[in-house]
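Numbers here simply count residues along the sequence, with the first being 1.
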Amino acid sequence: QVQLTESGGGLVQAGDSLRLSCAASGRTFSIPTMGWFRQAPGKEREFVASIKWSGGTTYYLDSVKGRFTISRDNAKNTVYLQMNSLQPEDTGVYYCAAKLALGVSDWYGAYDYWGQGTQVTVSS
């Protein structure tokens with residue numbers, strides 16, 4: 001089993017920054033890929049970014065490229081999402097997720113473990 005705990009959400013203004021953290025515990029050695037997703041009210045859960053624990057290869061949603069950065073601290077079993085130049089359309093609940101199978105995916109169904117989510121609200 002893997003447990004994921006997010007933190008760092010909040011209410012900010014357009015143009016501000018936030019850093020989300022996701023602490024993983026349990027069988028973390030079994031996780032090749034970690035991801036961040038978000039879900040706005042009335043919309044489907046959307047891939048934001050992912051990172052491989054080994055090697056650190058990253059992938060991003062096109063609309064966040066250049067603004068968001070995903071990173072990991074292997075020693076702390078923690079994944080981060082640095083979000084800069086936030087816009088109102090970035091508003092939503094942000095979820096951390098762990099994918100056990102090898103390979104990359106932006107489909108939420110490919111991820112096996114999820115955190116409880118943290119709210120990010122960006123006002124205009």
Side-chain angles (χ1 to χ4, degrees):
Q1 290 290 324
V2 174
Q3 294 78 42
L4 304 174
T5 305
E6 303 103 332
S7 61
L11 171 63
V12 296
Q13 294 185 334
D16 286 349
S17 298
L18 278 175
R19 188 177 81 155
L20 306 183
S21 299
C22 173
S25 61
R27 297 175 62 86
T28 57
F29 58 86
S30 64
I31 308 170
T33 302
M34 296 290 294
W36 284 98
F37 287 74
R38 66 188 181 189
Q39 189 164 18
K43 294 188 177 181
E44 290 190 353
R45 195 164 295 190
E46 175 182 53
F47 171 81
V48 175
S50 66
I51 187 167
K52 292 185 177 180
W53 275 118
S54 176
T57 304
T58 58
Y59 302 88
Y60 294 95
L61 175 69
D62 283 347
S63 64
V64 307
K65 286 181 181 176
R67 300 189 298 124
F68 291 12
T69 303
I70 188 171
S71 62
R72 87 266 192 246
D73 184 329
N74 290 16
K76 295 182 178 180
N77 289 328
T78 300
V79 174
Y80 303 98
L81 185 67
Q82 177 67 44
M83 306 185 293
N84 299 329
S85 301
L86 282 162
Q87 300 301 315
E89 53 266 34
D90 295 316
T91 293
V93 178
Y94 281 69
Y95 296 92
C96 174
K99 181 175 176 292
L100 299 182
L102 296 176
V104 298
S105 177
D106 61 1
W107 178 50
Y108 66 86
Y111 288 74
D112 302 279
Y113 295 98
W114 293 85
Q116 80 287 353
T118 185
Q119 177 70 45
V120 172
T121 303
V122 185
S123 63
S124 58

Peer 1: Let me check something: do V48 and Y113 share a hydrophobic cluster, defined by ILVMFWY side-chain heavy atoms less than 4.5 Å apart, either directly or through other members?
Peer 2: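 The answer is yes; both residues are in one hydrophobic cluster.
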
Peer 1: When rounded to the nearest 0.5 angstrom, what distance separates OG1 in T33 from CZ in R72?
Peer 2: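 Rounded to the nearest 0.5 Å, the OG1-CZ separation comes to 11.0 Å.
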
Peer 1: With a sphere of 6.0 Å drawn around OH of Y59, does it hold more than 12 non-hydrogen atoms of other residues, nucleotides or ligands?
Peer 2: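 Counting neighbours around OH of Y59, more than 12 heavy atoms of other residues, nucleotides or ligands fall under 6.0 Å, so yes.
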
Peer 1: When the ring centroid of F37 is compared with that of W114, is the distance short of 6.0 Å?
Peer 2: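 That pair passes the under 6.0 Å test.
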
Peer 1: If you group Ile, Leu, Val, Met, Phe, Trp and Tyr by side-chain heavy-atom gaps below 4.5 Å, do L61 and L20 land in one group?
Peer 2: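 Same hydrophobic cluster.
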
Peer 1: For the CE atom of M34 and the CG atom of N77, what is their distance to the nearest 0.5 Å?
Peer 2: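 Taking CE in M34 and CG in N77, the distance rounds to 9.0 Å.
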
Peer 1: Tell me whether T78 contacts the main-chain N or O of A23 through its side chain, where contact means a donor paired with an acceptor under 3.5 Å.
Peer 2: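 Judged by distance alone, no pair lies under 3.5 Å.
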
Peer 1: Does the side-chain contact (heavy atoms from CB on, under 4.5 Å) test come out yes or no for I31 and L100, once each step is laid out?
Peer 2: CA-CA 5 Å; I31 308 170; L100 299 182; 4.2 Å; yes

Peer 1: Does atom CD of Q116 have more than 12 heavy-atom neighbours from other groups under 6.0 Å away?
Peer 2: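 Atom CD in Q116 is packed in, count exceeds 12.
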
Peer 1: What is the minimum heavy-atom distance between A49 and Y60, and which atoms define it?
Peer 2: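 Answer, listing the atom of A49 first, then Y60: CB-CD2, 3.6 Å.
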
Peer 1: OH/Y108 to CD/E46 distance, rounded to the nearest 0.5 angstrom?
Peer 2: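 Result: 13.0 Å between the selected atoms.
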
Peer 1: Can you confirm whether M83 sits close enough to V120 that some side-chain heavy atom of one is under 4.5 Å from a side-chain heavy atom of the other?
Peer 2: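 M83 vs V120: side chains touch.
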
Peer 1: Measure the OH-CD distance between Y95 and Q39 for me, rounded to the nearest 0.5 Å.
Peer 2: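 Interatomic distance, Y95 OH to Q39 CD, rounded to 0.5 Å: 5.5 Å.
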
Peer 1: Restricting to side chain to side chain contact (heavy atoms under 4.5 Å, CB included), what partner residues turn up for Q13, sequence neighbours left out?
Peer 2: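 Checked Q13 against side chain to side chain contact (heavy atoms under 4.5 Å, CB included); matches are D16, S123.
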
Peer 1: Does the side chain of L86 come within less than 4.5 Å of F68's, by heavy atoms?
Peer 2: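 SC-SC contact between F68 and L86 confirmed.
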
Peer 1: Is L18 linked to Y94 within one hydrophobic cluster, defined over Ile, Leu, Val, Met, Phe, Trp and Tyr using a side-chain heavy-atom separation of less than 4.5 Å?
Peer 2: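 Shared cluster, yes.
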
Peer 1: Could you grab the distance from atom CD of Q82 to atom CD1 of I70, nearest 0.5 Å is fine?
Peer 2: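 That separation rounds to 12.0 Å.
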
Peer 1: Do W36 and V79 come within less than 4.5 Å of each other through their side chains, counting heavy atoms only?
Peer 2: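 The answer is yes; the side chains approach within 4.5 Å.
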
Peer 1: Do R38 and T91 have side chains that get closer than 4.5 Å, going by heavy atoms?
Peer 2: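 No, their side chains stay 4.5 Å or more apart.
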
Peer 1: Please give me the minimum heavy-atom distance between Y111 and A97, naming the atom from each residue.
Peer 2: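 Heavy atoms of Y111 and A97 come nearest at CD2-CB, 3.6 Å.
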
Peer 1: Mind checking whether V104 and K99 have side chains closer than 4.5 Å, heavy atoms only?
Peer 2: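 No, their side chains stay 4.5 Å or more apart.
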
Peer 1: With respect to E6, which candidate in L81, V93, T118 satisfies the side-chain contact (heavy atoms from CB on, under 4.5 Å) definition?
Peer 2: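 So the option named by the test is T118.
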
Peer 1: S85 and S17: which non-hydrogen atoms are nearest, and at how many Å?
Peer 2: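 Taking every non-hydrogen atom into account, N-OG, 4.2 Å.
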
Peer 1: Which heavy atom in P32 sits nearest to a heavy atom in A101, and how many Å separate them?
Peer 2: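 That would be CG-O, 3.6 Å.
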
Peer 1: As an exercise, state the distance from OG of S63 to CG of D90, rounded to the nearest 0.5 Å.
Peer 2: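 Rounded to the nearest 0.5 Å, the OG-CG separation comes to 7.0 Å.
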
Peer 1: Go through the steps to decide whether Q119 and T121 satisfy the test side-chain hydrogen bond (donor to acceptor under 3.5 Å, both in side chains), and finish with yes or no.
Peer 2: CA-CA 6 Å; Q119 177 70 45; T121 303; 3.2 Å; yes

